[in-house]
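What follows is a short report on a single structure.
This structure is a prediction, so every number in the text was calculated from the model and none was measured. Below, read A as the first sequence line, B as the second, and so on, with proteins coming before strands; counting in each chain starts at 1.
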Amino acid sequence: MLKYKINECKNVQAQLSAYFDSEVPTWQRHLIRRHLKQCPDCGCRAKVIEQTDKLLRFVEPVKASDTFLSSVMLRATTIKATQKTHQSIFNRLGCFVESLQMWMRDNIRSYNLVYTFGLIFCVFTMIGVTLYSPRIEKLNPFTQFRSKSSEVQQERLISFEVILQEEPKRSLKIR
Amino acid sequence: MIVSDEELMLECRKGDMSAFELLVRRYQDALVNYIYYIINDYHRAEDLAQETFLRVFKSASRYEPKASFKSWLYTIATNLSKNEIRNRVRRNTYFLEDMVDEGEDVYHSEFMIDTRYQPDILYEKKERQQLIKKALKQLPENQRLALTLVTYQELSYEEISEILNCSIGAVKSLIHRARQNMKKLLIKAGIGGGVNVKI
Ligand SMILES: [Zn+2]
């Protein structure tokens, strides 16, 4: 009997918080209520939950400032305007692609041929890029700072340019 | 007749700004309050609440009324708040603010007016509020979120499970543990005596 009671208490105590928040089914609610009336220990635990909740609600809530709404609406209006501009750009682009497709359909007899050529071109470009890839050092400005040799080379190039820009002295002798 | 949040959101999807304004009016206080309880900084709470509403507005065009609007709104706010806490912990400013909780007087002006002739009561009330807030802050993140959502936002367990992305059973145990820990922390802080039960 005592073991049964302990088990029942355990079950009820595990459900107490949910019972307090009205998150248990009706049949269980009745059982818990009946148990709480009979069991002082569980009744006391229920009171603890109630008291904790009361204390938590003692903290006064804060409110949004007076300018909050206007600020949100202003920012939302700006976003809406930006979205509209973007939409119009995409619409224009879509119209252009559509008209291009129409033109292709009207002017080129076999439409598939264009796709085939396009595809071949893309494949060859990719192969070309893979085989003869451009030097990364040339493309990336930061890599130039890493190697001193490239710096020296650059300086040489600059000095070479300076020399080239000098006027030829031979022109004086012509007279 | 009260228009539901979902209906307002559908109007907003069509580009109706007044529908969006109504939604902001409906949730601004609750949302600022919720974020404030999590991050404990009023100005940042306002910023994050604004950001939440703007995210809702930006994705209005893709909105489908599958889940409740409220859950969606609080999910965004929760994620933003979690990020804020993570960033602050990284910058080591979160725990520092624990000690110095400033700006309280400004945001409880009504409370100030009510009790301005009873400075002792005011002090007691304020101190008690501080202690409760501090205790709340000491809870593990998920427990604090669940407890805040159920106590101050009065959301159902189902809604909380959607927001925290876990099962209803997990929410049940989170709230249960949160209340148990809260009681311990409040007793430790010197409030919440009265009923003493071994938990
Ligand atoms: Zn019992």
- Note on the structure: Rounded to the nearest 0.5 angstrom, the CD1-CZ distance for Ile79(A) and Arg55(B) is 11.0 Å
- Item | Salt bridge flag under 4.0 Å for residues Glu60(A) and Lys133(B) | no
- Item | Proximal component of Leu136(B), with respect to chain A [non-hydrogen, under 4.5 Å] | side chain
- Message: Taking side chain as everything from C-beta outward and backbone as N, CA, C, O, which of these in Lys54(A) sits under 4.5 Å from a heavy atom of chain B? Side chain, backbone, both or neither.
- Response: neither
- Task: Identify the heavy atoms of Met73(A) and Met17(B) that sit nearest to each other, and give their distance.
- Result: CE-O, 3.6 Å
- Item | Heavy-atom contacts under 4.5 Å, residues 158-168 of chain B to chain A | none
- Item | Under 3.5 Å: donor-acceptor pair, side chain of Tyr152(B), backbone of Leu56(A) | yes
- Taking the side chain as every heavy atom from C-beta outward, state whether Ser65(A) and Tyr42(B) have any pair of such atoms under 4.5 Å apart. yes
- Message: Counting only non-hydrogen atoms closer than 4.5 Å, does Ser156(B) touch chain A with its backbone (N, CA, C, O), its side chain (CB onward), both, or neither?
- Response: both
- Note on the structure: Closest non-hydrogen atoms of Gln50(B) and Ser71(A), given as atom of the first, atom of the second and distance, are NE2-OG, 3.0 Å
- Query: Which pair of non-hydrogen atoms, one from Val150(B) and one from Arg57(A), has the smallest distance, and what is that distance?
  - Reply: O-NH2, 4.4 Å
- Per-residue contact mode, Gln15(A) against chain B (heavy atom under 4.5 angstrom): side chain
- Are Val72(A) and Phe57(B) close enough, and set up right, to give a side-chain contact (heavy atoms from CB on, under 4.5 Å), and what steps lead you there? CA-CA 10 Å; Val72(A) 173; Phe57(B) 182 77; over 6 Å; no
- Item | In one Ile/Leu/Val/Met/Phe/Trp/Tyr side-chain cluster, 4.5 Å: Val12(A), Ile175(B) | no
- Query: What part of Tyr37(B) gets closer than 4.5 Å to chain A, counting heavy atoms only: side chain, backbone, both or neither?
  - Reply: side chain
- Query: By a 4.5 Å heavy-atom criterion (distance strictly below it), what part of Phe53(B) contacts chain A: side chain, backbone, both, or neither?
  - Reply: side chain
- Item | Contacting region of Ala60(B) [heavy-atom separation from chain A under 4.5 Å] | neither
- Message: How long is the straight-line distance from CG of Leu69(A) back to CD of Gln28(B), given to the nearest 0.5 Å?
- Response: 5.5 Å
- Arg179(B) and Thr52(A): CA distance, side-chain angles, deciding distance, side chain to side chain donor-acceptor pair (under 3.5 Å) verdict: CA-CA 7 Å; Arg179(B) 282 198 177 120; Thr52(A) 310; over 6 Å; no
- Task: Mark yes or no: Arg128(B) above the aromatic ring of Phe58(A), with NZ or CZ under 6.0 Å from the six-membered ring centre and no more than 45 degrees from the axis.
- Result: yes
- Hphob cluster co-occupancy, Leu145(B) + Val89(B), side-chain heavy atoms under 4.5 angstrom: yes
- Task: Tell me the residues of residues 19-32 of chain A whose non-hydrogen atoms fall below 4.5 Å from those of chain B, in number order.
- Result: Phe20(A), Asp21(A), Glu23(A)
- Query: Do you know which two heavy atoms are closest between Phe68(A) and Glu46(B), and how far apart they sit?
  - Reply: CE1-O, 3.4 Å
- Item | In one Ile/Leu/Val/Met/Phe/Trp/Tyr side-chain cluster, 4.5 Å: Met182(B), Leu16(A) | no
- Message: Could you check whether atom CZ of Arg33(A) has more than 12 heavy atoms from other residues, nucleotides or ligands sitting under 6.0 Å from it?
- Response: yes
- Query: Between CZ of Arg177(B) and OG of Ser17(A), what distance do you get to the nearest 0.5 Å?
  - Reply: 11.5 Å
- Give the minimum heavy-atom separation between Ala64(A) and Asp29(B), together with the two atoms involved. N-OD1, 2.8 Å
- hydrophobic_cluster_shared for Val62(A) and Leu131(B), side chain cutoff 4.5 Å: yes
- Item | Heavy-atom pairs under 4.5 Å with chain B, option from Ile49(A), Asp53(A), Val59(A) with the top count | Val59(A)
- Message: Please give me the minimum heavy-atom distance between Ala76(A) and Leu54(B), naming the atom from each residue.
- Response: N-CD2, 3.7 Å
- Query: Distance from Asn33(B) atom CG to Lys63(A) atom NZ, nearest 0.5 Å?
  - Reply: 10.5 Å
- Item | Audit row: Arg75(A), Glu51(B), side-chain contact (heavy atoms from CB on, under 4.5 Å) steps and yes/no | CA-CA 10 Å; Arg75(A) 285 175 71 184; Glu51(B) 186 58 37; 3.8 Å; yes
